[in-house]
Amino acid sequence: MRILVTDGMDKSAIQTLIADGHEIVEQFYEPDQLGAALRDFNCVIVRSATKIRANHIDECKGSKLQLIIRAGVGVDNIDVKYAEANGIKVMNTPRASSDSVAELALAHMFSCCRFISAAGATMREGKWEKKAYGKGIEIAGKTLGIIGYGRIGQSLGRKAQALGMKVLAFDIFHIPGVECETMKYVDMDELLANSDFVSLHTPSIDGKPLINADTIAKMKDGAILINTSRGTNVDEAALLEALNSGKLRAAGLDVFSEEPCKNADLLNHPMVSATPHIGAQTAEAQKRIGAEIVDVIRNFCK
Ligand SMILES: NC(=O)c1ccc[n+]([C@@H]2O[C@H](COP(=O)([O-])OP(=O)(O)OC[C@H]3O[C@@H](n4cnc5c(N)ncnc54)[C@H](O)[C@@H]3O)[C@@H](O)[C@H]2O)c1
């Protein structure tokens, strides 16, 4: 196959695909050039930077494009139904990055507990604010509410229990056999009312925020919100208000309603720990994603 890789990919996976006899072109295309470019390829592999919309699919109708692979979990940057209605298969790599995203959620939890993001920033300005940042809290013994107990949610749940936390999970599906002394499924209101930390791990729910002024009001005073799922799952204006009023202690955010995030009030808030949508971007996850893509292509070519 002629394969276009638009947003980068693990080098050893590229070498394996070349050894399998495929031709690989690594090139990013601006949205206005993407549709025409796709006509020359059987397969395109994207991460999140490249968005494949209906107009791109229209532009390459009747060409040899057969397969779109999203190197990652969320396929919201691809018009999946439209692609499939036009005979183009869409695949992703759902398992490869679960531990990486779960570890980043944990990193934000620690950062929020101990002011790691804000304290580091002030030290770069030559300050030594031992008193201001000497009011940390521990994770052990606290309750973590996980909304969306799928692959990433469960990975985070296991790690949190190992750190001495209790886990409450809300999900529309319940997996038999995962509940135990330190993990219990509850409804959304019970989770919000009893969790010291709330971490989001659902897909985007029709672009509507799960966490808004109403749901924040149901949370414990001083709770910490973590979002590594999708930015649209949180109403950022309501979050900012809750941080300013002290209703919420802190927030750890990897994803934003608009990316790159331009919400300076949110990013500069001393109780916000922020990263630029890097949940899946570890060396290990990128290697696993590469290996999963090789499997997808080998199965497709069978
Ligand atoms: N920050 C990053 O870089 C990064 C990387 C990978 C994935 N993600 C995000 O994390 C999300 C979760 O990934 P995953 O691999 O765990 O997906 P998953 O499909 O394994 O799990 C999602 C879970 O959410 C549940 N769910 C769906 N709608 C719900 C609702 N309305 N209320 C409660 N639960 C609901 C599902 O039943 C499922 O158990 C992805 O959809 C993606 O948006 C972010």
Engineer: Report the hydrophobic cluster partners of Ile14, with the cluster defined as I, L, V, M, F, W, Y residues connected by side-chain heavy atoms closer than 4.5 angstrom, directly or transitively.
Structural biologist: Met1, Ile3, Val5, Met9, Leu17, Ile18, Ile24, Ile45, Leu67, Ile69, Met91, Ile289, Ile293, Val294, Val296, Ile297, Phe300
Engineer: If you count the non-hydrogen atoms of other residues, nucleotides and ligands that lie under 6.0 Å from NZ in Lys220, is the total more than 12?
Structural biologist: yes
Engineer: Could you measure the distance from the CG atom of Asn233 to the CG atom of Leu210? Nearest 0.5 Å is fine.
Structural biologist: 5.0 Å
Engineer: Decide whether Leu4 and Ile52 are clustered together by the hydrophobic rule: side chain heavy atoms of Ile, Leu, Val, Met, Phe, Trp, Tyr closer than 4.5 Å, transitively.
Structural biologist: yes
Engineer: Would a 4.5 Å heavy-atom cut-off, applied to side chains only, mark His269 and Leu240 as touching?
Structural biologist: yes
Engineer: Answer yes if the side chains of Glu129 and Thr122 hold a donor-acceptor pair under 3.5 Å, and no otherwise.
Structural biologist: no
Engineer: Does atom CD (Glu26) have a neighbourhood of more than 12 heavy atoms from anything else shown, all under 6.0 Å?
Structural biologist: yes
Engineer: Using 0.5 Å steps for rounding, measure from the NZ atom of Lys89 to the CD1 atom of Ile68.
Structural biologist: 12.5 Å
Engineer: Can you see whether Asn77 engages Ser48 through a side-chain donor-acceptor pair at a distance of less than 3.5 angstrom?
Structural biologist: no
Engineer: Between atom NZ of Lys287 and atom CG of Asp10, what is the distance when rounded to the nearest 0.5 Å?
Structural biologist: 4.0 Å
Engineer: Given Val73 and Ser97, is the side-chain contact (heavy atoms from CB on, under 4.5 Å) satisfied, shown in steps?
Structural biologist: CA-CA 8 Å; Val73 182; Ser97 56; 3.7 Å; yes
Engineer: Can you find a heavy atom in the side chain of Leu156 that is under 4.5 Å from one in the side chain of Ile226?
Structural biologist: no
Engineer: Hey, could you give me each pair passing ring pair (Phe, Tyr, Trp, His ring centres under 6.0 Å) that has a residue in residues 150-174? Not counting sequence neighbours.
Structural biologist: His174-Tyr185
Engineer: How about Ile146 and Gln154: do any of their side-chain heavy atoms sit closer than 4.5 Å?
Structural biologist: no
Engineer: Same cluster or not: Leu192 versus Leu248, using hydrophobic residues (I, L, V, M, F, W, Y) connected whenever any side-chain heavy atoms lie under 4.5 Å apart?
Structural biologist: yes
Engineer: Quick one: are Leu163 and Leu106 in side-chain contact, heavy atoms under 4.5 Å?
Structural biologist: yes
Engineer: For the residue pair Cys112 and Ile224, what are the closest heavy atoms and their distance?
Structural biologist: CB-CG2, 3.8 Å
Engineer: Going through the distances and angles, do Thr50 and Asp7 end up as a side-chain hydrogen bond (donor to acceptor under 3.5 Å, both in side chains)?
Structural biologist: CA-CA 7 Å; Thr50 298; Asp7 307 324; 2.6 Å; yes
Engineer: Which atoms form the tightest heavy-atom contact between Phe256 and Thr275, and what is the distance?
Structural biologist: CE1-O, 3.4 Å
Engineer: CG of Leu34 to NZ of Lys51: how many Å apart, nearest 0.5 Å?
Structural biologist: 11.0 Å
Engineer: Stepwise, does the side-chain contact (heavy atoms from CB on, under 4.5 Å) test hold for Asp20 with Arg298?
Structural biologist: CA-CA 9 Å; Asp20 280 359; Arg298 282 180 177 166; 2.7 Å; yes
Engineer: Got a sec: does the CE of Met188 have more than 12 other heavy atoms crowding it under 6.0 Å?
Structural biologist: yes
Engineer: Do you know which two heavy atoms are closest between Val90 and Ala83, and how far apart they sit?
Structural biologist: CG2-CB, 3.8 Å
Engineer: What's the shortest heavy-atom distance between Asn42 and Arg2, and which atoms?
Structural biologist: OD1-N, 2.7 Å
Engineer: With sequence neighbours excluded, what pairs up with Glu259 under the salt bridge (charged side-chain N to carboxylate O under 4.0 Å, His left out) test?
Structural biologist: none
Engineer: Kindly indicate, with the supporting measurements, whether the criterion side-chain contact (heavy atoms from CB on, under 4.5 Å) is fulfilled by Lys208 and Ile205.
Structural biologist: CA-CA 6 Å; Lys208 293 195 187 99; Ile205 315 291; 5.5 Å; no
Engineer: Looking only at the side chains, is there a donor atom on one of Ser98 and Ser155 sitting less than 3.5 Å from an acceptor on the other?
Structural biologist: no
Engineer: Taking atom CD of Glu236 and atom CG of Asn263, what is their separation to the nearest 0.5 Å?
Structural biologist: 5.5 Å
Engineer: With a 3.5 Å distance limit and no angle check, can you tell me whether Thr232 reaches the backbone of Ser257 through a side-chain donor-acceptor pair?
Structural biologist: no
Engineer: Quick check: does any side chain N or O of Asn212 sit under 3.5 Å from a backbone N or O of Asp214, one acting as donor and the other as acceptor?
Structural biologist: yes
Engineer: What's the separation between atom CD in Glu84 and atom CD1 in Ile78, rounded to the nearest 0.5 Å?
Structural biologist: 10.0 Å
Engineer: Determine, using the 4.5 Å side-chain heavy-atom cutoff (strictly less than), whether Met109 and Val167 are members of one ILVMFWY cluster.
Structural biologist: yes
Engineer: Any pair with a residue in residues 94-129 that passes ring pair (Phe, Tyr, Trp, His ring centres under 6.0 Å), sequence neighbours left out, goes on the list, sorted by first then second residue, please.
Structural biologist: Phe115-Tyr133
Engineer: Minimum heavy-atom separation for Cys180 and Gln161, please, with both atom names.
Structural biologist: SG-OE1, 3.4 Å
Engineer: Does any part of the side chain of His56, heavy atoms only, come nearer than 4.5 Å to the side chain of Pro31, both counted from C-beta?
Structural biologist: yes
Engineer: Is there a donor-acceptor pair closer than 3.5 Å between any side-chain N or O of Thr282 and the backbone N or O of Ala285?
Structural biologist: yes
Engineer: Are any of the side-chain heavy atoms of Gln27 and Gln33 separated by less than 4.5 Å?
Structural biologist: no
Engineer: Does the side chain of Leu38 reach to within under 4.5 Å of the side chain of Ser63, using non-hydrogen atoms?
Structural biologist: no
Engineer: For Glu181, does the CD atom sit with more than 12 other heavy atoms under 6.0 Å from it, leaving out its own atoms?
Structural biologist: no
Engineer: Which residue is it: Arg288, Arg151, Lys159? I am looking for the one with a salt bridge (charged side-chain N to carboxylate O under 4.0 Å, His left out) to Asp99.
Structural biologist: Lys159
Engineer: Val25, Phe28: one ILVMFWY side-chain cluster at the under-4.5 Å cut-off?
Structural biologist: no
Engineer: Do the charged groups of Arg249 and Asp196 touch, with an N to O distance under 4.0 Å?
Structural biologist: no
Engineer: Tell me, yes or no, whether the heavy-atom count around Gln66 atom CD, taken from other residues, nucleotides or ligands under 6.0 Å, exceeds 12.
Structural biologist: yes
Engineer: Applying side-chain contact (heavy atoms from CB on, under 4.5 Å) to Asn227 and Leu239, what does each step give before you reach the verdict?
Structural biologist: CA-CA 11 Å; Asn227 188 14; Leu239 171 61; over 6 Å; no
Engineer: Under a 4.5 Å cut-off applied to non-hydrogen side-chain atoms, are Glu59 and Arg39 in contact?
Structural biologist: no
Engineer: Name the residue from Val44, Ile57, Asn86 that meets the side-chain contact (heavy atoms from CB on, under 4.5 Å) definition with Leu65.
Structural biologist: Val44
Engineer: Keeping Asp221 on the side-chain end and Lys247 on the backbone end, is there a donor-acceptor pair under 3.5 Å?
Structural biologist: no
Engineer: Quick check: is Ile139 connected to Leu168 through a chain of hydrophobic side chains (ILVMFWY, heavy atoms under 4.5 Å apart)?
Structural biologist: no
Engineer: Which heavy atom of Phe41 sits nearest to which heavy atom of Ala37, and what is that distance?
Structural biologist: CD1-O, 3.3 Å
Engineer: With sequence neighbours excluded, give me every salt bridge (Lys or Arg N to Asp or Glu O under 4.0 Å) pair touching residues 164-175.
Structural biologist: none
Engineer: Taking only residues at least two apart or on different chains, which pairs with a member in residues 60-79 satisfy salt bridge (Lys or Arg N to Asp or Glu O under 4.0 Å)?
Structural biologist: Arg53-Asp79, Asp58-Lys61, Asp76-Arg230
